[in-house]
Structures are given as structure tokens and as C-alpha cells.
Amino acid sequence: MGSLIAEQVFNGVMMASVYALIATGLVLIFGVMRVFNFAHGEFVMVGAYVTTFVFAATRNYFLAILAAMAALAVMGVIAERAVFRRLRSLHGQVIAASGLLLFFQNLAVLLWGPHALRTPVPYRTMIVNVLGFTVSVQRLLVVGISLVIMLLLFLFLHKTRLGTAIRATAQSQDAAYVVGIDVDRVHVVVFAISAALAGLAGALIGPLFLTYPTMGSLPLLKGLAAVIVGGMDSIVGAILASLLIGITESISTMFISSGFKDAVAFFMLVVVLVVRPRGIFGSAVRGE
Amino acid sequence: MAKALLQVRNLYKRFGGIIAVNGCSFEVLQGQVVGLIGPNGAGKTTVFDIVSGRLAADGGRVVFRDQDVTHLPAHKIAALGMSRTFQECRLFWDLSCLENLLLAAQPKGLAVNLKSILSGGRLTSSADEERARELLALVRLEKFASSPAKALSFGQKRLLELACALMTNPTILLLDEPASGVNPTILEQIRELLSSLHAQGLTLLVVEHNIQFISSLADTIVVLHYGQVLEVGPPEQIRNSSRVIEAYLGGRYASSGE
Amino acid sequence: MAALRRRWIGILILVGALYAVPVLVDHPYTLHVLTVALIYGVLASSVNLSLGYAGMLSMGHMGFAGIGAYTMAILVQRLSFPYWLAFLSGVVLAGLAGIAVGVPSVKLRRSSFVIVTLAFGIIMHLFFNNLDDLTGGAVGLPDVPRPPALQLGSWAVDFTSNTTFYFLVATTAIVVVGMLHLIARSGFGHLLVSIREDEELALMRGVNVKLYKVVCLGISAGLAGVGGMLLGSYLRVVAPMSFEFRASIDVVLITVLGGVGTLAGPLLGAGLFVALPEYLRITNELRLVIFGLILVVLILYSPQGLMKVVEAAIGKVSPGRAGRHHNGDSVTRVGYHG
């Protein structure tokens, strides 16, 4: 029993890492630009596909991951410039993003077919003994790489000039203009980072759960749940909420049918929104 | 002896570390024009927001028409006969001027509005429409009846907002800086309008920075400073009060007025 | 006044065309496509009410449709309810669900509201998919009946015929649009628009914003229930697939495409989204790629949807202006603008 729980907890932590990557991306763009990117899941999907193809070509997983992040960074820049820059209202963003969602999902089907692709990364089948538990290396990689990237992100935001500019813009866009920060550039960079994080998430889960056109929807929604539960402008909140959701979800499979596992995140989301709309760590609700 | 229409007792409101209103008490008698002045940050608009129900007070009471309305939601306070304008001037920008007025006058109850779905019309009668046009004429905006509110100049917007506040035949009118940002012509129009409303017996509570403007209208002036009432009295007393002048950081007001 | 008469003539022509289709075109496939299009028009109209008139974007609206559909199917199949009683129950239950969702959520800021409705849609879909005993699970509930035959004098109107069912759907669509028109013109509709334009200002002017929004969502949900039940009856099966997240997006897409806040917009959008690709023999995926792109372009350049483009072309009020009307009623003219 104990090892079963431990296994579920570890799975939960692993999923939480993925959710955290996605949620952080969402928090970044919401916190800095008040943009709500509903199509974020498609970034995850594209990341997974890029990883699959680059891996197939080079047989190097880490190269594939980097390629995915780079490709998504570019996509993020294009998305920000072409679409989100002009859309101030929430409804406009949600609807435009929905359009992008449909566009990308179905383009993927047209280009690569509706069937799932496998990414036979060798780490999937490698197992390691950790503290008496056998664990697939791929799953360890997911947690490990996520940790490293989040750490790098933290260092970037707090120790570099650009990172500080980003945090400043998140606090007050007008003040940022006044002190001479190139706000447009900040927006583009933030979107690129957000997209790259999503791409990384896709690169990590593709090998684990197969790569297919609609794979982005559920991760997006889980990430969204984490953002809401944690607080829409708090990265720390998003990470902690991801852990909460991931672990609870995982453990819940021991008690309820797995079909309902996904409902856990959404129930939490609804409860938080009704009881404490700002999220656990969010700052007070601002006007729209 | 005129009775108190509005009583504000020991109002207290804080925003995080900032105490915006710190034990503020004053009253407005029926038929009076009361001016509410004070330096920036004194808490004037916050008091307005609390009285009209836009913000919740952290302490104190608001009594309107002998009813404790402190925790009443804003729409119910409006239904009791309180009407207000906003510092930044708020209107339904994409709707026509006439429409703005009709919306203000329209009955707001749910049942009667749902019934109107079946009876196929809106609830504003032709009398309402006539009144709306009269008010538009009063503020000299008849030409703009069908134009969207956003097409007006700022001064005209202020006048329209005033007209909207009047459409409901309010018992008390709260005006938040009705004369700020307008040119002298419109300023005069507003002054005349408020004067005549006062003469007709309407009770007014007016926040203003323009001391000269408010002095010419008000019966009593309440001076707010750091969220508390510094002094209350007729305009001449306030203009010559050293405490008030000090609070405003400058002796300019004593001599010629703004 | 001439514009008003032109409008009525246009409406009559369209209605006439709608009814004339089965008579003029003897192609079962065309009928099928149009039936589905009209049903989606009804669904989109329900989204239109909540989004276009009250400014509430619901991204889980098919959840309400599903509640209506499943309620009707279960009542008819398990409890032997007469069809129309079950239908009514479906509307009521869907409406109540709308109110239940609305009460805790209309006070939230817009982004949170969108997410709550999204979560609602997903949770409902999960229920539909997993409560096997009640809902038949992923397979759903087959053998959903058509409405029972009507006796009109010596005439029996038999709804098992797709042609007759088409007339039913067309009539429902017209009734729904008519209802929305009445709502838009009414005091209720005008106050909803004021809420959409500036919620806080409406509140300060005496509107009980929360109440109106909840009621609006309830009516909108009930209408979605009607659409869901029509879909179930037509397809003769109620399955989770019809009510998933993607379907909710489709319905919003249709509404925006056609024109939010307009009356004919949802029907126009449904016609374009459902019917047109069938004629052009476009695969489902290609259709969605194109429409996804169109949606993005529309939002960027003409957020009021295609209806405004059409209206401008016919020489009516141009987008965004209040226009001149003898009764100053610019509310129904000013469209939703994001």
C-alpha cells in the first residue's frame, strides 16, 4: 500500500511538473500583459510534434527538446505580434485564441493525420532504482528538466536586466514606460518564453503519452486550473497549485474511477473561484 | 427646522496600509447644497463611493432618509432616490444621448421588465421620452439626441451625465467634481443649472476642487483632510479659516479664490 | 420607415425560403445538412443571448445543451414520460442549471467567468461520459424518439419523417429568433445591454446586475437545452461526443462568425459553418482550419461578425454608429463590440 501511494505521489509530482510549466507560461503572459492565451495547449502540441520529428531525424532527445523550445519561441513571437498585440479585450483574446486552437489542431490532422505518433525515446524504457522504488528514467527526466528550467527562469527574472524589466512591467505597465523600458520588447519576450515553456511541456509528455493533434487540450485546462487555484499573477502560486492538483489527481485514482480523475482539477477550480476568486496566492482582484 | 436627509457617521475605510477615511461625520439637510472639499487624497471620492454603495465601509454608518443604508447594495440605494455622477464622467459611450437618459429613467424591477418581453415594448413611456428631451434641451444638447455619447465634448459629456442623474427625479444628487475639466462657458451652464435645481428644492452634495465655484452654490461646506472632517461651515467662514488654508498648503485661496 | 418595411420583406423572403427548401429540393442530404445547421443556429442563438446582450461569454454552453438532451432522453426512456413533458422538463432543468452556474459566478471578473463556464462544460461532459448507469457512458443513449405524431384534423403530422422534422426545427429556429427579438426590444433587453456596456454604471443607476445576469444565463441555458434536445431527437441518439469542449467552441465560433448581438447572425453563422463546407465538399479538418483562420481575422478586423458586413452591404446602419431613429432607440442597433 505504501509503495502504491508513493508511486502515485511520484506520478502526481511528474504531472505537476508539466502542469507547472504550462501554468507558469500562462501566468507570465497574464501577469505582464493581461493576455489570456486560450490556444496555449496548441503550443504544447506543436512542441511534441517538433520533438517527435527532430528526434526521428537526430536520435538525440535533448536536441529535440531544444528544437521544440526554439520553434515555439518563434511561434510565440509571431502569435504576439500578429494576433495578441492588437486585442485588448478578454473576449477578443478568447475568441481569437479559440480560432487559433481550431486552426492548429486541424492543421495538425491535415498534415500528420489524426493518429497518435510515438516518440521512442530510449529513456522511456530505462529504469532506475531510487530509494527502493523502480522508476522510469523518462519520468525522472520530466521532473528534473522542469526543475532546472524553472530555476533558470527564476534566475533570469531576478538576476538579469531584462528579467527585472519584465517584473517591473508586470507591476505597472505605465511606470515601465516612464522609466524607459521597451514595453513592446518585453511583451514579445514574455510571449516567447511562455510559448517555449509550453513547447518544453509537450517535448516532455510526447514520449510518455503519445503525440496527437488534440493532446494539448487537457494540459491547457489543467494548467488553467493551476493558474486559477494558485492565483493568476503568481508563479509560485501556479507551481504550488500544480503540485496540489497533480498529487491529488493521482491519489484520487485509488478511490474513484479513472474517468473522473480529470474532474478533480476542475472541481478545485470551481471551488476556488467561488470561495476565493483571487486564488490562494493571487493579489486582490482587480477590475477587468 | 429642515431634517437631515443624509447622515454620515464615523465612516472608516482602509485600503491595505492606507486609511482613506478615518472617522468622517457630517450631515446634509433637506434642500441644502453641501460642498465637500479637501486636498487630493483627503478621501472625498471614497466617501462618495461608500455613501452610494459602490464601496463597502470598514466602519461607521450611513443613514439616508432615516434608513441605515451602510450595507445596502448600490442599486437599492439608487432606488431609494440617490443619484450620482462620477469624477471621471461615466456614460454608456456607444449608446445615444437619448438612450442614456431613457435607461436612467427606465423602471429597474425584474418582474416588470420580464413582463415587458411579452408586451413587446420597453418600459419607458412617451412621458419619459418627453422629459428626456426636455432635459436635453435644458443642457442644450438637443441636437445630439441621437448621437452616441462618446461623440460629445468633455464638457457636454458632463452635462449629459448630470441630465442622466436627474432623470430619476432623485431625492439627493451626489456630484463628483461636476465642473472639473470644462471650459468657462460650460462651467457657467453647470453653475446655472445647479443653482436652479437648488432653488427648486433639490438636495445636493458636491465634491469640488474649484473653491470659487462651490462657494457660489453651497449653503455649507465640509472640509475633509486625511479622511476626517476638518471644519464645517458657510463658505465665507471656510474661505477665511486658517486651518483650511494650511491644509491646502498655500495662502492663495484666502485672497482671490481660484 | 421604408427601411423597416424593407426589413420585413427581407425577413418574409428568408422565412419563405426556409420553408420552401424541402419542397424545392428533393435531396435528403441537403435536408440533413440544413436541419443540423438550423439546430446549431438555435444553439448559437442561446450563446448570442448571453454574450451579445449581457456580455457573458460562456465557453461550456454545450453542457447546458447536454443536460437538456439527457434529461429528455432519460425521462422518456426510463420513466416513460410523454415526449413533450420530457421536453419541457429538459428546458427547465437546463435553465435551472444555468441559474445554478450563474449564481456563484456572475460576480466574478470576466476571465474567471469564462473559466467557470469552461470548467462546467468539461465537468458535465465527464459526467455524461462516465456515469454509465445513468447516461449510457461513452456510447450514450440510443433510440431517442422523435416527437409523437400530431393530429391536425384529418392530417397526421409524422415527425419520423426527416422532412417533417425539418419543418419543426425551422419553426423552432424562427420562434427562438423571434423570442430574442422580443427580448432585445423589451425593457429587460435594454437593461441587459446597459450591463454589457458598463456593468458598474448600470449598477449605480439602479440595476440589480447580478440578478439580471443570472436570469439571462438561465434563459440562455434553457435555450441551449432546446437545441440539445432537438439534436438528440433528430439524431435519435444522445451521446457525450455531441457535448464536449470542442462543441462548445464551435457554437461560440458560429455566434461570433455570424455576428454577436444581431438576431440573424447565429443563423447566418450556422449556415456558413455547417452547410457551406458540405457543399464545397470540404473535409471536416480543412473546414475548421479555414474557419479558425477566419475567426482570428474577423476578431482582428471586424469583431462584429459577418452580419455587420452584410448589413453594411445592404445599405443599413454602418457598424458602430447610433443611427437615426424616431424613438431614439439605438440599443438594438449598437452591436456587441468585444
Side-chain angles (χ1 to χ4, degrees), chain B residues 49 52-54 73-86 90-110 112-124 126 129 132-133 136 144-151 161 164-165 167-168, chain C residues 49 53 55 107 178-216 218-219 261 303-304 317-338:
Chain B
D49 285 344
S52 60
R54 191 182 179 196
H75 64 272
K76 290 203 176 143
I77 299 181
L80 283 176
M82 185 183 298
S83 223
R84 72 166 287 184
T85 64
F86 292 84
R90 286 176 87 155
L91 292 163
F92 296 112
W93 301 116
D94 286 292
L95 303 181
S96 73
C97 297
L98 190 61
E99 189 55 48
N100 268 276
L101 292 168
L102 290 178
L103 270 175
Q106 183 175 333
K108 308 293 194 304
L110 181 67
V112 61
N113 272 285
L114 283 178
K115 269 203 289 188
S116 75
I117 297 176
L118 297 170
S119 61
R122 58 188 309 193
L123 294 173
T124 49
S126 49
E129 196 181 320
R133 292 194 185 273
L136 275 178
F144 298 97
S146 304
S147 311
K150 63 187 174 189
E161 199 194 16
C164 285
M167 271 302 278
T168 52
Chain C
L49 176 62
Y53 290 97
K107 64 175 190 272
M179 221 185 104
L180 286 186
H181 174 64
L182 286 179
I183 290 179
R185 279 192 351 170
S186 72
F188 181 70
H190 281 80
L191 290 182
L192 283 183
V193 169
S194 76
I195 291 175
R196 180 193 79 202
E197 292 290 308
D198 188 339
E199 228 178 85
E200 197 183 36
L201 182 58
L203 180 71
M204 301 307 295
R205 292 246 182 277
V207 180
N208 187 346
V209 170
K210 196 173 157 194
L211 181 64
Y212 273 78
K213 280 173 116 175
V214 168
V215 169
C216 178
I219 298 177
Q304 307 214 9
V317 178
S318 62
R321 264 210 277 124
R324 229 173 304 208
H325 289 272
H326 57 284
N327 63 352
D329 187 351
S330 62
V331 168
T332 50
R333 280 277 156 227
V334 173
Y336 168 89
H337 42 83

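Quick note: numbers below take in every heavy atom, side chains included, and nothing from hydrogens, waters or symmetry partners. So that the names make sense, note that chain A is the first sequence line, chain B the second, and so on, each numbered from 1. These figures come from a predicted structure and were not determined experimentally.
By the ring-ring contact (aromatic ring centres under 6.0 Å, His included) test, B/Phe86 is found to be paired with no residue, residues two or more places apart in sequence or in another chain being considered. With sequence neighbours left out, B/Lys108 forms a salt bridge (charged side-chain N to carboxylate O under 4.0 Å, His left out) with no residue at all.
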### Message
Show, in sequence, the C-alpha distance, side-chain angles and deciding distance for C/Leu203 and B/His75, and conclude whether the side-chain contact (heavy atoms from CB on, under 4.5 Å) test is met.
### Response
CA-CA 5 Å; C/Leu203 180 71; B/His75 64 272; 3.6 Å; yes
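In terms of heavy-atom proximity, B/Leu103 sits nearest to C/Ser194 at CD1-CB, 3.7 Å. Residues B/Ala78 and C/Met204 approach most closely at CB-O, 3.5 Å, considering heavy atoms. Between C/Arg205 and B/Arg84 the shortest heavy-atom distance is NH1-O, 3.7 Å. Residues C/Phe188 and B/Ile117 come closest through the heavy atom pair CD2-CD1, 3.9 Å.
Put simply, the side chain of B/Gln106 never gets that close to the backbone of C/Leu191: no donor and acceptor are under 3.5 Å apart.
Your options are B/Ala165, B/Gly109, B/Ser126, B/Ala151, and the one with the most heavy-atom pairs under 4.5 Å with chain C is B/Gly109. For the set C/Leu211, C/Leu201, C/Val215, C/Val209, the count of heavy-atom pairs under 4.5 angstrom toward chain B peaks at C/Leu201.
Proximity to chain C is limited to the backbone of B/Pro107, based on heavy atoms less than 4.5 angstrom apart.
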